[in-house]
Novice: 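Input: one structure, supplied below.
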Amino acid sequence: MGALTQIKAALGRPRAQGGMSRPRTIRPRRTGARPAPAALGLAREAARAGLRRIHGLHALRSAAALGGAVSLARLTGALIETGELDGPALGLAMACALAGAWLAAAIEGAARCWRRRSAQG
């Protein structure tokens, strides 16, 4: 028995004979674009400043993570080549780790504050 025959046997009968039917997907009706309520526009404007601050903190945290990766690579390279610790690279790696941890806490605090304000209305 060939591979194609085994595949056909596993699939069952052809669709014309009542087998291999595909479930129909339900498509939503296409209606005209509904205008956004005025409250939605006001909420977006109120949230914009808080979200901008959170996104800025995320960008700084990403930069700290990249700086830490670079300093660890430099530290590893120095260890491989000379067998000694590179002081500035070690200091930069520790500073980037601390900065990343502090920024993570700041992001969480800002997000919690933003959620509390948005829940109050």
Side-chain angles (χ1 to χ4, degrees):
M1 191 182 222
L4 187 59
T5 308
Q6 289 176 347
I7 292 171
K8 285 183 180 180
L11 289 176
R13 297 179 297 173
R15 188 172 183 175
Q17 296 175 358
M20 291 178 22
S21 61
R22 230 177 76 203
R24 288 181 50 185
T25 57
I26 299 172
R27 294 186 183 137
R29 290 186 209 161
R30 293 187 182 189
T31 58
R34 296 180 188 167
L40 185 59
L42 291 173
R44 283 184 180 151
E45 285 299 317
R48 188 165 282 146
L51 288 176
R52 190 176 296 131
R53 184 179 309 120
I54 290 173
H55 289 309
L57 288 172
H58 272 294
L60 287 175
R61 185 172 180 224
S62 297
L66 287 173
V70 166
S71 62
L72 286 175
R74 183 176 167 193
L75 179 65
T76 305
L79 279 173
I80 290 171
E81 287 182 5
T82 63
E84 297 177 4
L85 285 176
D86 185 13
L90 183 61
L92 184 62
M94 291 173 56
C96 286
L98 288 174
W102 182 82
L103 284 167
I107 290 168
E108 185 61 34
R112 189 176 298 130
C113 180
W114 179 77
R115 274 187 246 129
R116 192 178 310 127
R117 283 186 194 162
S118 63
Q120 290 175 355

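Keep in mind that the numbers below use all heavy atoms, side chains included, and drop hydrogens, waters and symmetry copies.
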Novice: Which hydrophobic side chains are connected to L72, either touching it within the sub-4.5 Å cutoff or through other members that do?
Specialist: L75, L79, L85, L90, M94
Novice: Which atoms form the tightest heavy-atom contact between R61 and G100, and what is the distance?
Specialist: NE-O, 3.6 Å
Novice: So, for L103 and A64, which heavy atoms are closest and what is the spacing to 0.1 Å?
Specialist: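 The pair with the smallest heavy-atom distance is CD1-CB, 4.5 Å.
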Novice: For the hydrophobic clusters of this structure (ILVMFWY residues joined by side-chain heavy atoms under 4.5 Å, transitively), does one cluster hold both L66 and L92?
Specialist: no
Novice: Kindly give the heavy-atom pair with the smallest separation between L57 and A110, and that separation in Å.
Specialist: CD1-CB, 4.3 Å
Novice: Output all residues satisfying side chain to side chain contact (heavy atoms under 4.5 Å, CB included) with R52, sequence neighbours left out; order by chain, then residue number.
Specialist: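 With sequence neighbours excluded, R52 shows a side chain to side chain contact (heavy atoms under 4.5 Å, CB included) to R48, given in chain and number order.
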